Amino acid sequence: MIRPAVFLRIAAFALLVTFITAPHVFAFAFEPFTENGAPAIYDQGSLLSLTIAHLQTVFGAVSASTVVAVLLGIFVTRPSGLEFLPLSRSIVNIGQTFPPVAVLAVAVPLVGFGQAPTLIALFLYGLLPIFENTISGLTQVPPLVLDAAKGMGMTPRQRLLNVELPLAMPVILAGIRLSAIISLGTATIGSTVAAKGLGEVIIAGLQSNNVAFILQGGLVVAVLAILLHDGLMALERTIAARLG
Amino acid sequence: MIEIQNLSKRYDDTIVVDDVSMRMEEGSITVIVGTSGAGKSTLLRMINRLVEPSSGRVLIDGQDTMAVPEDELRHRIGYVIQGNGLFPHRTVAGNIATVPRLLGWEAKRIGQRVDELLQLFQLDPAEFAGKYPHELSGGQQQRVGVARALAARPALLLMDEPFGALDPVIRSKAQDDLLAIQRRLGTTVVLVTHDMEEAFRLGDKIAVMDEARLVQYGTAAELLTHPAEGFVERLVGTAERPFRLLSLTRVRDVVEPGTADGEPLDASIDLREALARMVWVGRDALPVLDSSGAMLGRVSIGGILAHGRQAP
């Protein structure tokens, strides 16, 4: 038996796939939002390839944030790195305070237009949640468990890989989920500096005063975000359930 | 055999363990008892180097523990802590397999060892091997904790308040199980507790610690009949002393010839229990049977009381 919530998600996914592969089927729904015979469906590129490009950007940026933030989080929770904790916290916090638009403005003169400035902005913006969650995940491992691990002769490396990281995993994953969701939405502004993505559809709509375009871009991003959120959430729950 | 020589631990100005020397015999249970903060846990943790001694040394079978890499040393020493410290993300089987895996045993050998240990601790492998620690009761978790510590057949087992988190009924059962398993495997056990009752029940030898120092080290009978002045006397408890002394002797050792009326006593129970039974049923003497049911003789209240008297 399929629960209603699961059914709803499968339906949303099916609808999304149908829409980005064959958007013209849905022309009737967007027609009421157009004026002066403007096209109801985005016609300057394929929605499918834009969606894929959008997801690639997000995936690339979040992967990079994850690697850097988790490694940094591990480093500052080791005895040798403990003194760098306040410093790294403030650096990562700065990444979060800079609005992505500002980062884009700074990055474009340095690396040029296209995907690169967007990746940089998303990368910086995504560091903080993952870093903070890595730290709290690693520090909330029960001291008794660590003591037992040490008492049984696990080396610091074995303790990290076999005990600390697995126990911190649900919390770290929550950080990654947060970053991924933020990035998915924020990536739309990358289109202002010529990064390929769903922002293109929204911006085209804004420029031509076509509400149908804006809705299409916005809805695809929103449904993607919901599905991604739910998928990662389910993964977290599975892992957390095993930990009891 | 473990030999502790002039072992001390200092943190800045505070001294936690002060010049302790003692020797623990192979195959025996040594209980370190004392109030909290007396340094007993620190003393225990210096044996497997979870705490590095400030001075002094520990010899295990003549070998200085500092001469062995610490991880290798700990692979050879079982370690059980209060609240067991099981890995919540690993199954019962995975937990028990921890040290064998670290030692690189083959999967098949590990599997066999896990089943063997689960059976030893009366946990059905089919039911329990795949469970996670949070699915177990406190008593079961505790047993898995001990099974995990014994997995790689260590000759030495260190236990830091292993039964502290258990309720009295389960604790008593866990103590019996430990005694039975220790007798069977011949493991040398060093156990830390603040519970004097537990110390008398389990310890072949008891080490009493107070304010970082070892104030007395001896058998239960020695502690009761010749307690070191002051702290040990208070710890042993003057009101409880004769009864504790009685509980160290079995009925079989005080049987007198003759017969008596009434429900017979089992020869393996201790004198304290026998006395309780006699007071309860209102008799001065009861017959004694051995485990096969054969009549051994009788035991009298007078004979029992003589064993609770202070040494002349």
Side-chain angles (χ1 to χ4, degrees), chain A residues 66 70-71 73-74 77-80 82-83 130 133-177 232-244, chain B residues 41 44-51 68-91 94-104 130-136 141 144-146 148-152 154 156-162 164-165:
Chain A
T66 302
V70 170
L71 286 179
I74 290 171
T77 49
R78 301 305 97 188
S80 57
L82 218 50
E83 54 185 312
I130 305 177
N133 279 32
T134 305
I135 291 175
S136 67
L138 288 174
T139 49
Q140 76 190 22
V141 174
L144 268 183
V145 172
L146 281 181
D147 188 45
K150 206 172 167 191
M152 281 187 291
M154 286 192 175
T155 60
R157 188 192 161 87
Q158 288 165 335
R159 289 202 292 276
L160 175 69
L161 296 178
N162 298 334
V163 181
E164 294 177 74
L165 280 179
L167 287 178
M169 200 43 79
V171 187
I172 297 177
L173 268 178
I176 295 174
R177 170 169 54 86
L232 290 173
M233 197 77 158
L235 187 65
E236 273 165 51
R237 268 203 299 267
T238 321
I239 296 178
R242 280 201 0 197
L243 299 181
Chain B
S41 281
L44 184 84
R45 290 160 67 88
M46 281 196 276
I47 298 175
N48 67 355
R49 287 176 60 195
L50 280 173
V51 173
V68 191
E70 53 181 330
D71 301 318
E72 210 173 290
L73 175 74
R74 291 181 198 138
H75 292 161
R76 303 200 314 235
I77 302 177
Y79 183 54
V80 180
I81 50 180
Q82 178 172 11
N84 66 62
L86 293 178
F87 298 139
H89 62 298
R90 289 208 183 148
T91 59
N95 267 288
I96 296 177
T98 306
V99 180
R101 268 198 208 144
L102 292 175
L103 294 173
K131 284 198 172 175
Y132 285 91
H134 71 270
E135 299 171 304
L136 306 178
Q141 288 181 357
V144 175
V146 182
R148 179 173 72 170
L150 291 174
L156 171 61
L157 181 62
L158 304 180
M159 309 180 92
D160 194 349
E161 306 230 6

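All figures in this text were calculated on a predicted structure; none of them were measured in a lab. Order of the sequence lines fixes the chain letters, A, B, ..., with proteins taken first and strands second; residue numbering starts at 1 for each chain.
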[X] versus [Y]: any side-chain heavy-atom pair under 4.5 Å?
X	Y	answer
B/P133	B/N95	yes
B/H89	A/M169	no
B/L102	B/D71	no
B/R74	A/M154	no

Would you name the heavy atoms of [X] and [Y] that are closest together and state the gap between them?
X	Y	value
B/V99	B/A152	CG1-CB, 3.8 Å
A/P170	A/I239	CG-CG2, 3.9 Å
A/T134	A/I74	CG2-N, 4.3 Å
B/A149	B/P154	O-CG, 3.3 Å
B/R49	B/V68	NH1-O, 2.7 Å

Check your understanding: How far does CD of A/E236 sit from CD1 of A/I172, to the nearest 0.5 angstrom?
Key ->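 A/E236 atom CD to A/I172 atom CD1 measures 11.0 Å (nearest 0.5 Å).
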Review point. Checking side-chain contact (heavy atoms from CB on, under 4.5 Å) for the pair A/R177/A/L173: CA distance, chi angles, key distance, verdict?
Key: CA-CA 6 Å; A/R177 170 169 54 86; A/L173 268 178; over 6 Å; no
Which atoms of [X] approach chain A - backbone, side chain, both or neither, heavy atom under 4.5 Å:
X	value
B/L158	neither
B/R45	side chain
B/R90	side chain
B/I77	backbone
B/E72	neither

Practice item. Apply side-chain hydrogen bond (donor to acceptor under 3.5 Å, both in side chains) to B/D160 and B/S41, showing your working. Key: CA-CA 7 Å; B/D160 194 349; B/S41 281; 3.0 Å; yes
Point to revise | Close contacts, residues 138-149 of chain A versus chain B, judged by heavy atoms under 4.5 Å | key: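 Listed by number, the contacting residues are A/L144, A/V145, A/D147, A/A148, A/A149.
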Review point. Who in residues 161-168 of chain A is close to chain B, using a strict under-4.5 Å heavy-atom cut-off?
Key: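 A/N162, A/V163, A/P166, A/L167 fall under the 4.5 Å cut-off.
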